[in-house]
A.B. asks: 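Here it is, the structure, as structure tokens.
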Amino acid sequence: MAHHFQPVATTLSLALLVTACATLDEGECRSGDWRRLGYVDGLKGYAKSRLADHDKACARYGVLPDPNAWQLGYIEGQMRYCTARSGYEQGRDGNGYADVCPPDTDAAFRPAWEDGRRVAALLDTLEQTGGRLREIAETLAEDDRRSAVYVDAAREGREPPERPVLLSRGERRALDREYDRLAVDYERVQAELAELDATLSVRHGAPPLQPVLRNF
């Protein structure tokens with residue numbers, strides 16, 4: 001399945017590791033499906049300490065985890081997580097890595113994850129640039145709207161509203177120049193992103209991102 005571009009967090013916090021937290025509710029604790037829970041935890045790249053968090057979460061209900069079943073599931077999920085394709089997709093999606101893969105699979109996962117981080121950084125740059133372009137476009141459009149309302153009222157002989165505070169010519173020129181510069185930057189990063197992801201997706205056996213559509 002092809003991936004869509006998604007906004008990345010304002011600051012790409014890739015240094016953050018996958019953190020463990022107790023998230024099981026009473027129903028999950030009492031289900032006894034510890035192998036499935038272990039599989040999901042391994043597939044999501046959680047550390048083995050995740051089981052201790054489940055233990056804490058379920059203690060309030062008087063339920064103890066089945067560590068053997070959880071461990072079996074965890075290993076199965078981790079085998080699917082610790083691949084080059086998964087590493088690339090995890091990095092590209094802006095997810096951290098908690099150093100959970102055994103050395104033999106880490107050798108494939110980590111370089112792919114680092115490649116994915118390169119793509120994620122470009123995605124973040126693209127999102128921030130696009131956001132600023134939209135902001136400038138909205139500022140200029142609102143300035144035009146306020147000016148038009150005032151001028152139309154005067155032309156039609158109606159009592160005009162209070163004279164609006166408009167951008168000066170210098171301010172508009174500055175915004176126009178910034179917009180043009182950022183639009184060029186956006187196109188450059190967009191092309192760089194598409195080229196890099198196309199190359200790295202093939203290298204790591206992952207589906208490429210779908211082309212990003214301008215929305216400014």
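For this chain, numbers begin at 1 and follow the sequence in order.
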A.B. asks: In plain terms, say whether R181 and D185 are close enough for a salt bridge, that is, a side-chain N and a carboxylate O under 4.0 Å apart.
C.D. replies: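 Salt bridge: yes.
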A.B. asks: So, taking the atom named CG in L51 and the one named CH2 in W34, what distance separates them when rounded to the nearest 0.5 Å?
C.D. replies: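 Between L51 CG and W34 CH2, I get 7.0 Å after rounding to 0.5 Å.
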A.B. asks: If you look at every heavy atom in A112 and A84, which pair is closest and at what distance?
C.D. replies: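 Reported closest heavy-atom pair: CB-O, 3.1 Å.
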A.B. asks: Mind checking the CD-OG spacing from E26 to S31? Nearest 0.5 Å is all I need.
C.D. replies: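 Between atom CD of E26 and atom OG of S31 there are 11.5 Å.
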A.B. asks: Of all the heavy-atom pairs spanning G91 and A120, show the shortest one and how long it is.
C.D. replies: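 The answer is O-CB, 3.4 Å.
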A.B. asks: Identify the heavy atoms of W70 and H54 that sit nearest to each other, and give their distance.
C.D. replies: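 Shortest heavy-atom separation between W70 and H54 comes out as NE1-CD2, 3.7 Å.
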A.B. asks: Is there a side-chain contact between S201 and R92 (heavy atoms, below 4.5 Å)?
C.D. replies: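 Yes. Closest side-chain heavy atoms under 4.5 Å.
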A.B. asks: For side-chain contact (heavy atoms from CB on, under 4.5 Å), just list the numbers for Q71 and K48, CA-CA rounded to whole Å, side-chain angles, deciding distance to a tenth of an Å, and then say yes or no.
C.D. replies: CA-CA 9 Å; Q71 181 70 17; K48 290 183 178 180; 3.9 Å; yes
A.B. asks: Out of Q78, E76, R80, which residue meets the side-chain hydrogen bond (donor to acceptor under 3.5 Å, both in side chains) rule with Y39?
C.D. replies: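 Of the listed residues Q78, E76, R80, the side-chain hydrogen bond (donor to acceptor under 3.5 Å, both in side chains) partner of Y39 is R80.
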A.B. asks: Out of curiosity, E192 CD to E195 CD, how far, rounded to the nearest 0.5 Å?
C.D. replies: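 Answer for the CD-CD pair, E192 versus E195, is 8.0 Å.
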A.B. asks: Measure the CZ-CG distance between R188 and L193 for me, rounded to the nearest 0.5 Å.
C.D. replies: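 One gets 11.5 Å once the value is rounded to the nearest 0.5 Å.
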A.B. asks: Is there a donor-acceptor contact under 3.5 Å from the side chain of S86 to the main chain of T83?
C.D. replies: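 Side chain of S86 to backbone of T83, a donor-acceptor pair under 3.5 Å: no, none is there.
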A.B. asks: Using the side-chain contact (heavy atoms from CB on, under 4.5 Å) definition, which of the options D124, L123, T125 pairs with V189?
C.D. replies: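 It is T125; the other options fail the test.
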A.B. asks: Any non-hydrogen side-chain atom of D176 less than 4.5 Å from a side-chain atom of L140?
C.D. replies: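 SC-SC contact between D176 and L140 confirmed.
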A.B. asks: For the CG atom of L167 and the OG1 atom of T139, what is their distance to the nearest 0.5 Å?
C.D. replies: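 Nearest 0.5 Å value for the CG-OG1 distance: 7.5 Å.
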A.B. asks: Are any non-hydrogen side-chain atoms of I136 and L182 less than 4.5 angstrom apart?
C.D. replies: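 Heavy-atom side-chain distance check passes, below 4.5 Å.
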A.B. asks: Would you indicate whether the side-chain heavy atoms of D144 and R172 approach each other to under 4.5 Å?
C.D. replies: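 Contact flag for R172/D144 side chains = yes.
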A.B. asks: Report the distance from atom SG of C82 to atom CG of D106, rounding to the nearest 0.5 Å.
C.D. replies: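 With rounding to 0.5 Å, SG (C82) is 7.5 Å from CG (D106).
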A.B. asks: Using side-chain heavy atoms (C-beta onward) and a distance below 4.5 Å, is R173 in contact with R177?
C.D. replies: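 R173 vs R177: side chains touch.
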A.B. asks: Check whether any side-chain heavy atom of R36 sits under 4.5 Å from a side-chain heavy atom of V40, and report yes or no.
C.D. replies: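 Sidechains of V40 and R36: in contact.
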A.B. asks: State whether D66 and R35 are salt-bridged, where the test is any N-O pair (Lys NZ or Arg NE/NH1/NH2 against Asp/Glu carboxylate O) under 4.0 Å.
C.D. replies: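 Judged by the 4.0 Å cut-off on N to carboxylate O distance, D66 and R35 do not form a salt bridge.
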A.B. asks: Would you say R85 and P207 make side-chain contact, with heavy atoms under 4.5 Å?
C.D. replies: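 A side-chain contact under 4.5 Å exists here.
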A.B. asks: Please find the pair of heavy atoms, one from A137 and one from Y179, that lie closest to each other, and give the distance.
C.D. replies: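 Looks like CB-CE1, 4.2 Å.
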A.B. asks: Given L24 and L37, is the side-chain contact (heavy atoms from CB on, under 4.5 Å) satisfied, shown in steps?
C.D. replies: CA-CA 10 Å; L24 300 184; L37 289 170; 4.0 Å; yes
A.B. asks: Locate the shortest heavy-atom distance separating Y61 from D25; write the atom from each residue and the value.
C.D. replies: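 So the minimum-distance heavy-atom pair works out to CE1-C, 3.9 Å.
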A.B. asks: Looking at D115 and R118, is any side-chain nitrogen of the basic one under 4.0 Å from a carboxylate oxygen of the acidic one?
C.D. replies: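 So R118 pairs with D115 through a salt bridge.
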A.B. asks: D55 and L64: side-chain contact (heavy atoms from CB on, under 4.5 Å), yes or no, with the steps?
C.D. replies: CA-CA 6 Å; D55 193 11; L64 293 176; 4.0 Å; yes
A.B. asks: Assess the side chains of R203 and Y88: does a donor N or O sit below 3.5 Å from an acceptor N or O?
C.D. replies: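 Short answer, no.
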A.B. asks: Could you report the tightest heavy-atom contact between V165 and R146, atom names first, then the distance?
C.D. replies: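 That closest heavy-atom pairing would be O-NH2, 3.2 Å.
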A.B. asks: Should L122 and L200 be counted in the same cluster of Ile, Leu, Val, Met, Phe, Trp and Tyr side chains packed under 4.5 Å apart?
C.D. replies: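 L122 clusters together with L200.
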A.B. asks: Check this for me: does any side-chain nitrogen of one of E114 and R117 sit under 4.0 Å from a carboxylate oxygen of the other?
C.D. replies: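 So E114 does not pair with R117 through a salt bridge.
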A.B. asks: Which label fits Y97 and F109: parallel for a plane angle under 30°, tilted from 30 to 60°, or perpendicular past 60°?
C.D. replies: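 Correct class here is tilted.
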